[in-house]
Amino acid sequence: MANENLDTIKGIVKTITFTNPENGFTIAKIEPEGKRGIVTVKGTVKLLNEGETVVFRGYWIDDPKWGKQFKFHSYESVQPSSLEGIKRFLSSKYIEGIGPVFAERIVETFREDTLRILDETPQKLKKVPGLGRKKLKSIIDGWARHRHIRDIMIFLQSHDISSAYATKIYEKYGDETIDKMRSNPYRLIRDIRGIGFIKADQVAQKLGIALESPERVRAGVIYCLDDLKDKGHVFVPAKFLIEQTAENLDIEADLVIKAIGYLKDHGDIVAEDDRIYGIELYTTEIKVAQHLRLLAKTPLHGFSPKPDEIEKNLDIIEKSRGFALAPRQREAVKTAALSNCMVLTGGPGTGKTTTVLALIDMFQRLKLSVVLCAPTGRAAKRLTETTGREAKTIHRLLEFDPYRGKFSRNEGSQLSAHVVIVDEASMIDTELMASFLNAISSYTILIIVGDVDQLPSIGAGNVLRDIIASGIIPTIRLTEIFRQAASSRIVQCAHRINSGKTPFTDNQNSGNFFFVKKYNPVEVAATIVDMVSRRLPIRYGFDPITDIQVLAPMHKSETGVSNLNTLLQERLNPQRASAPEAKKGAWIFRQGDKVMQIRNNYDKMVFNGDIGRIVKINTAKSSIRVQFDEVVEYSGSELDDIVTAYAISVHKSQGSEFKCVVMPVTTQHFIMLKRNLLYTAVTRARELVVLVGDMKALAIAVKNDQVSERYTSLAERLRG
C-alpha cells in the first residue's frame with residue numbers, strides 16, 4: 001500500500017531498469033545523495049540517463065513483490081556537486097559528444113569549475129588534451145542541447161504541469177515549447193489529449209495571461225460548448241451560451257459575444273438563427289438528416305414483393321417458428337418488406353425480438369442478405385444470442401481503423417448487404433449515426449430497432465426519438481404485452497412505471513420484483529451491500545460480481561456510484577496482504593475487480609460502458625490487464641479510462657442486460673429521479689429487480705415524466 005506523504009529524494013541514476021517509449025513510464029535505480037544503498041524509483045519522465053543527478057518528488061510505496069520503492073510525480077535534473085558525480089554525468093549518454101575518456105580529461109582540467117565552464121565559456125575546453133576542433137564542436141552542441149531541453153522541462157514543471165504531460169508537450173512542440181506556451185497556452189486543449197480548459201487556464205494564469213484576453217474567452221466559449229455537448233446537446237441557444245461562458249470565466253458578456261463572432265468568422269462554430277453549434281456536430285446532424293431523407297424517399301430496388309406473397313411467407317414463418325404473430329407484429333414485417341427504412345420500437349415483453357426473427361426469415365425468403373449490428377459489444381452479444389445469427393458492433397461492422405481513426409466502410413466503400421438491422425438504437429448518438437449511415441447504400445433496407453422510452457444516448461443527440469418525432473420514417477410501435485412476458489413482475493412493473501403508475505411493492509414471494517423499504521441513506525447503502533454480497537447469492541445462487549449489477553442514478557452521496565463502489569469492493573474483493581494493487585487518483589484496483597471503460601478507445605477497441613475483470617496487475621510496470629472480450633493492457637495515463645464497476649450509473653447500463661439489478665431509490669438523488677431513468681434501470685434486469693429506498697422517492701421518479709431537454713435539430717431537419 002502507498003504511503004502518500006509527499007517526499008523528495010535526490011540521487012545519481014545508476015541504471016535504467018525499464019522504460020516505455022510510448023508513454024515515458026520508467027523504472028530506475030538510483031544512489032541517494034549522502035546515503036548508502038540503492039533505491040528503486042518509478043514514474044513518467046521524458047529524459048533520464050545513467051549518471052544524471054536528479055531530484056524526484058513523490059511518495060514511498062510498499063510493493064508486495066518488489067518491496068519499498070519511490071513513486072515520483074515530478075522530477076528535476078540538477079548539476080552534480082562531487083567530482084565523481086560530474087565525471088559520471090558527463091560520460092553518460094545524456095550529453096552527446098562526451099564519452100568516459102574525455103569526461104575524465106575535462107574534469108581533471110577544470111575540477112569543480114567544469115560545469116560552470118561548460119555553461120559560460122565552453123571555448124575554454126580547447127585546453128583539454130587531445131580535444132580537436134570537430135570534437136569540441138560536438139561537445140559544445142551536445143551541452144547546449146542538454147541545457148535547452150532541461151530549461152524547457154523545468155519551465156513546464158514550474159507551471160504545475162506533471163512529468164507525463166510535460167513529456168507530451170515537448171514531443172509536440174519541441175524547441176518551440178516555451179514560445180508557444182507563452183503566446184497561447186490554450187493551444188494545449190487542442191493539441192494535447194487529456195488537457196482541458198481548466199488545466200490550460202491554470203497554466204495561463206501562472207503565465208500572466210489576462211482574464212479578458214481574446215484567446216482565453218474563445219477557448220472558454222469552446223469549453224462551454226463542449227461541456228454542453230457532453231450533456232447531450234447538439235446546439236446551444238446563443239443567449240444561454242453567452243450567459244454560461246460569462247459566468248464560468250467571470251467576464252463581461254460583451255467579450256463573449258465578440259469571441260463568438262470571431263469563432264464564427266473563422267469556421268470554428270456555426271450560428272444558425274439563435275442557435276450555436278460546434279462545426280463538427282452541425283455538419284454531422286445535417287448528414288444524418290440527408291441520409292435518412294434519401295432512404296425515406298428512395299423506392300425499393302431490385303425486387304417488388306406483392307402483398308399476397310408477403311402474407312403467404314408470414315404464414316410459412318409462423319408455422320416453421322411455432323408462434324403466431326400479433327397483428328401489430330405482422331404489420332411491422334409487412335412494412336419492413338415494402339419500405340426502404342423502418343423503425344420498430346416497443347417496451348419489454350412486447351415482442352420486438354420475435355418480430356426481428358420474423359423479419360430475418362422474411363428477408364431470407366425474399367432472397368435478401370441480412371446483417372445484424374448494435375452500438376455496443378454487450379448489445380451485439382445479446383442480439384446474437386436471441387437470433388442465433390452473428391451480430392457485430394457498429395464499429396466492427398464498419399471496420400474501424402484505429403491507426404487512421406476512421407471507418408473503412410464509408411460513402412466510398414459502403415456495405416454490400418441487402419438489409420441491415422440495427423438494435424438498441426436509443427444508444428446511438430448523432431456522430432455514430434452519421435458514420436453508420438455513410439456506410440448504408442440507398443439500395444439497402446435499414447431497420448432501426450429500439451425502445452424509445454429508455455434514456456437517450458450518452459453522446460450528443462436524441463436520434464431515435466427525433467427520427468420517430470419527424471414522422472418521415474415508417475414507425476411501428478409494439479404495445480401488446482405477450483402472455484409469457486406478462487407473468488413477469490419485471491415486465492409488469494416496467495410498463496406500470498412507463499405509464500405513470502407505481503410499480504408493485506407487495507414483495508410477493510413468487511415475483512421477481514422487490515422493493516425493500518429503507519429511509520436512512522447509510523442504511524440503504526448497507527442493505528445493498530448485504531443484498532449483493534450475501535442474501536441474493538444465498539437465495540438465488542447469483543455470483544455477486546458477474547450476475548448482480550448495482551445501478552445508481554448519481555455518482556455522489558452515500559447511495560451514489562462512488563461510495564457504493566468503495567463499499568462493495570471492500571466486501572467482495574478486499575485488500576489482501578500478498579495481492580498486488582494499483583492506484584490511480586481516487587481508485588484502487590485489485591486483481592479480480594470488476595471494472596468499466598469510461599471513454600471510447602479506438603486503439604484498444606474498447607468502448608464507453610464496456611465491463612470487464614482485472615486479470616493481472618504488474619506493479620513493477622504500473623500496468624493492469626483487463627479481460628473484456630479480449631485482454632487489454634492499461635498503463636500510465638490510460639488508467640484514467642477505467643473505474644471500478646460494482647456499481648455503475650443507469651446511463652452507463654444502456655444496452656446491457658444483467659441477471660439481477662439492485663438500485664437505490666432515495667431523495668438524495670432528487671434531481672435525477674425521472675420516469676425514463678427508473679424505467680431504463682428496471683428493464684436492464686432479466687431475472688430479478690431489487691429496489692432499496694423509500695416510497696416517496698419512488699413516487700417522485702414515477703410521476704416525473706419530464707424527459708431532460710436536449711437541444712437537437714434533427715427532427716426539424718428531417719421534416720424540412
### Task
Give the intermediate values and the outcome of side chain to side chain contact (heavy atoms under 4.5 Å, CB included) for residues I222 and R218.
CA-CA 6 Å; I222 298 296; R218 293 166 198 158; 5.9 Å; no

Examine distances only and state if a side-chain atom of [X] and a backbone atom of [Y] form a donor-acceptor pair shorter than 3.5 Å.
X    : Y    : result
Q569 : I588 : yes
R535 : D530 : no
R613 : G592 : yes
E31  : K14  : no
R599 : D640 : yes
S213 : I209 : no
D610 : F628 : no
N565 : A647 : yes
R684 : L551 : no

With distance as the sole criterion, is a donor-acceptor pair present between the side chains of [X] and [Y] under 3.5 Å?
X    : Y    : answer
R378 : S656 : yes
D201 : Y186 : yes
Y646 : D593 : yes
T15  : K29  : no
R57  : T8   : no

Crowded around Q202 CD? As in, over 12 foreign heavy atoms under 6.0 Å?
->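 Yes, the 6.0 Å shell around CD holds more than 12 heavy atoms from other groups.
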
Tell me whether the count of non-hydrogen atoms from other residues, nucleotides or ligands lying under 6.0 Å of CD in E108 goes above 12.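 Atom CD in E108 is crowded, with more than 12 foreign heavy atoms closer than 6.0 Å.
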
| field | Step-by-step side chain to side chain contact (heavy atoms under 4.5 Å, CB included) determination, Y59 to K71 | value | CA-CA 6 Å; Y59 52 87; K71 190 168 186 177; 3.7 Å; yes

With a 4.5 Å heavy-atom cut-off, do [X] and [Y] have their side chains touching?
X    : Y    : value
V626 : V615 : no
V550 : V532 : yes
M663 : V692 : no
L572 : I545 : yes
Y634 : I642 : yes
L455 : V650 : yes
D543 : P537 : no
I614 : R590 : no

Minimum heavy-atom distance between [X] and [Y], given as atom pair plus value:
X    : Y    : result
P544 : S533 : CB-CA, 4.5 Å
G693 : V524 : CA-CG2, 4.2 Å
A460 : D429 : O-CB, 3.3 Å
P521 : T559 : O-CG2, 3.4 Å
C660 : L536 : SG-CD1, 3.8 Å
P32  : I9   : CG-CD1, 4.3 Å

Partner of E558 under side-chain contact (heavy atoms from CB on, under 4.5 Å), picked from N563, L564, N520, is N563

Enter the distance from [X]:[atom1] to [Y]:[atom2] here, rounded to the nearest 0.5 Å.
X    : Y    : atom1 : atom2 : result
H395 : F400 : NE2   : CZ    : 6.0 Å
E523 : K518 : CD    : NZ    : 4.5 Å
Q654 : I648 : CD    : CD1   : 10.0 Å
E570 : Q575 : CD    : CD    : 7.5 Å
K594 : L568 : NZ    : CG    : 9.0 Å
K652 : I611 : NZ    : CD1   : 10.5 Å

Evaluate side chain to side chain contact (heavy atoms under 4.5 Å, CB included) for T376 paired with T393, printing each intermediate quantity in order. CA-CA 6 Å; T376 67; T393 63; 5.8 Å; no

Between E633 and the options R625, K616, K604, the salt bridge (charged side-chain N to carboxylate O under 4.0 Å, His left out) test singles out R625

Give the intermediate values and the outcome of side chain to side chain donor-acceptor pair (under 3.5 Å) for residues Y173 and D191. CA-CA 9 Å; Y173 301 140; D191 294 341; 2.8 Å; yes

Item to complete: For Y223 and Q244, run side chain to side chain donor-acceptor pair (under 3.5 Å): C-alpha distance rounded to whole Å, both residues' side-chain angles, the deciding distance at 0.1 Å, then the answer.
Response: CA-CA 10 Å; Y223 166 68; Q244 189 92 350; over 6 Å; no

Look at D113 together with R116 and state whether they make a salt bridge at an N to O cut-off of under 4.0 Å.
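Here D113 pairs with R116 in a salt bridge, since their nearest N and O are under 4.0 Å apart.
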
One thing to verify: whether E431 and K229 come together as a salt bridge, which I'm taking to mean a side-chain N less than 4.0 angstrom from a carboxylate O. yes

- Task: Test side chain to side chain contact (heavy atoms under 4.5 Å, CB included) on L211 and L249 and set out the steps.
- Result: CA-CA 8 Å; L211 294 179; L249 272 61; over 6 Å; no

- Give a yes/no verdict on a cation-pi contact between K68 and W60, requiring under 6.0 Å between NZ or CZ and the six-membered ring centre and an angle within 45° of the axis.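 The answer is yes; both the distance and angle limits are met.
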
